[in-house]
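Reviewing the structure listed below.
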Amino acid sequence: MDRNLNIIIDHNSQEPIYKQLYDQIAYSISAGILSEGDFLPPSRTMAGILDINFHTVNEAYSRLRESGIITMAKNRHYMVSSNMNKNAMEKIKPKEKALINEAIAMGIRAEDLRKSFDGIIKAMKNKSNGD
Amino acid sequence: MFDYSDIFGFIFTIVIGIMLSIIPYVTEKSAVFGVRVQPGQPVFRRARREYLIAVLITTALLAALQLTIFLKYALFFIFSPFILIGFSFIIYLIWHYRILNIKKKEHWEDSEGGMVLGTFVVSRSKFPLEYAIPGIIILATIFIAGAIYYPSIPAIIATHYGANGLPNQYSKKSIGAVFSPGFIGIGITAFMYLLSVAISRTSLRADSSQPDAAERAIIFRNRISILLLLIPVFMNSTFLLSSLEMWDVIHPGTATIIILIIPILILLVAIIPFFYMTGQLGSNLKIGTANKSEINQGKSINGQPKIRDDDKYWRAGVIYVNSNDNRILVPKRFGEGYTLNFGNKVSIILFSLIIAIAAIILIIVTAFALY
């Protein structure tokens, strides 16, 4: 069976389009739809089909690249990078901190937060194994 | 009373007419007469039905004319598809602008909002190459048979036949003349193969108004790829038959035209249920709930439109011009299959090339005919 990356862009949403793109590509990787070495569509193809500006696609791609989720291959296409990214833990730390701060400020107990984290990770693993 | 070409012309007109009349029933559910809409308005049903009836009545009239007034002009059937296409396009345009007006008046869509579902090819596990084999076998048969019969082929061969089944053009025996249908077969087979590969690699915008839109689009694309690989089976069968006749191996006499075009007629008849059951982007497919994907459960937010309005990229709803899109082949809006993106320089060059090649072939053929 062919593998296809499905992206849905909601032009009614308040969320910026590059963020919608970023999140869905990251999701596709965590759900196992995209795997290491897969190429992402050229930004002009992505832009044409989703009816967005190709600079917006480039914005999402360059942020994914900064996070180390994708890399530029020799043929100048973006490629899903290997999971052996040494700086990954460093890069995710500020986001984790921000999230934990927010959760504690909202009055969520550390224990419940940990449980919720585990639950989400478990669900994602089941999903990528199930397909 | 009727000769073969009259009967053939009659059937041919009816088949083309049926194909044209069902177009509104095979398009994307959210593209009605080339206008992007939220599906389900009662006026769409009326538009589809009236279009169907008008095209079928015209078809019946043309078919009747062929067996009466135009009986002596056997080649009338060559023009009847053009008449039908022209007529159905006029009815299409009437409904296109009518629906566009209603859309504007009733503010069906807000031009800035909407959702778009894109399905992008990440990797193909395998190209359905096996479907190309039957066509290639028939093509090979032409050349093997030609090699076997070559010594017995007469020194002067008929290379063109009139509608009455009698030859009206001759050539001296040569490799080029003997195998000319075979060479055209190679060209068509190669072209269909390339087109099939190209289509199997195209990413698509799915019709997010339907559930399972992405799955539908993927099944549709695979089916079109396979169909393109199977078309040479029928074309090459015609070339095989015409070669055998040219080489004086078979003598169908007045039945020439019907024998030669039977494979293509079979293809056209078989394509109708295929198109109807698949639908553009798989719109008519029956998909079980088992393989529903999560990403695809489109939701309407605060009553805002669910589908992105892309009318501005479609001239009259049929010609796609979008320079922000680097694809060459895009799915049609009114019809089933693909069209070119005229906002892309490459496709304009390709289109001009195809027209130029067709013109050159026409000029060469005409020049030979005069000689």
Side-chain angles (χ1 to χ4, degrees), chain A residues 1-15 17 20-21 23-58 60-61 70 73 76-80 123-124 126-128 130-131, chain B residues 110-128 200-206 208 213-215 217-219 221-222 225 291 293-310 312-313 320 322-328 330-331 341 343-344:
Chain A
M1 186 64 188
D2 311 334
R3 277 184 305 129
N4 282 264
L5 165 67
N6 296 334
I7 302 278
I8 199 158
I9 294 293
D10 187 351
H11 292 268
N12 304 322
S13 167
Q14 296 295 320
E15 200 173 23
I17 287 166
Q20 296 184 27
L21 206 50
D23 288 344
Q24 288 182 58
I25 291 171
Y27 169 81
S28 300
I29 296 168
S30 74
I33 297 161
L34 288 177
S35 45
E36 195 185 317
D38 280 342
F39 289 109
L40 290 174
S43 53
R44 278 187 183 274
T45 305
M46 194 75 122
I49 289 173
L50 298 174
D51 201 6
I52 55 183
N53 197 295
F54 76 94
H55 293 299
T56 313
V57 182
N58 286 337
Y61 280 2
I70 61 173
R76 298 193 49 78
H77 283 293
Y78 281 112
M79 187 178 84
V80 177
M124 275 192 171
N126 283 343
K127 187 144 187 40
S128 57
D131 287 336
Chain B
D110 135 31
S111 58
E112 289 307 306
M115 297 215 280
V116 180
L117 169 61
T119 175
F120 300 89
V121 182
V122 184
S123 71
R124 276 200 73 98
S125 41
K126 150 183 168 302
F127 182 71
S200 74
R201 290 181 183 167
T202 50
S203 294
L204 297 168
R205 180 183 307 183
S208 51
E215 282 84 352
I218 293 162
I219 295 171
R221 191 185 55 213
N222 289 346
S225 272
N291 51 352
S293 77
E294 185 181 293
I295 197 155
N296 195 9
Q297 283 157 6
K299 49 200 186 294
S300 183
I301 295 163
N302 304 333
Q304 281 183 345
K306 225 165 82 170
I307 310 150
R308 178 80 164 164
D309 192 353
D310 54 353
K312 59 178 182 275
Y313 300 122
Y320 185 67
N322 182 1
S323 54
N324 189 40
D325 190 343
N326 74 343
R327 285 177 300 166
I328 296 170
V330 293
N341 172 12
N344 187 327

List in chain and number order the residues that pass side chain to side chain contact (heavy atoms under 4.5 Å, CB included) with P42(A), two or more places apart in sequence or in another chain; answer none if no residue qualifies. T45(A), H77(A), N326(B)
From N322(B) CG over to D51(A) CG, what is the distance, rounded to the nearest 0.5 angstrom? 7.0 Å
Hey, what do you get for OG (S203(B)) to CG (L50(A)), rounding to the nearest 0.5 Å? 9.5 Å
Which heavy atom in G48(A) sits nearest to a heavy atom in Y320(B), and how many Å separate them? O-OH, 4.3 Å
Test side chain to side chain contact (heavy atoms under 4.5 Å, CB included) applied to Q14(A) - qualifying residues, sequence neighbours left out: none
Region of S323(B) in contact with chain A, defined by heavy-atom distances below 4.5 Å: backbone
One should read off an interatomic distance between E215(B) CD and N6(A) CG, to the nearest 0.5 angstrom, of 7.0 Å
Counting only non-hydrogen atoms closer than 4.5 Å, does F39(A) touch chain B with its backbone (N, CA, C, O), its side chain (CB onward), both, or neither? backbone
Residue I52(A) versus chain B: region with a heavy atom under 4.5 Å: backbone
I need the N324(B) CG to R44(A) CZ distance, nearest 0.5 Å. 6.5 Å
Please round to the nearest 0.5 Å and tell me the distance separating atom CD1 of I49(A) and atom CG of L117(B). 10.5 Å
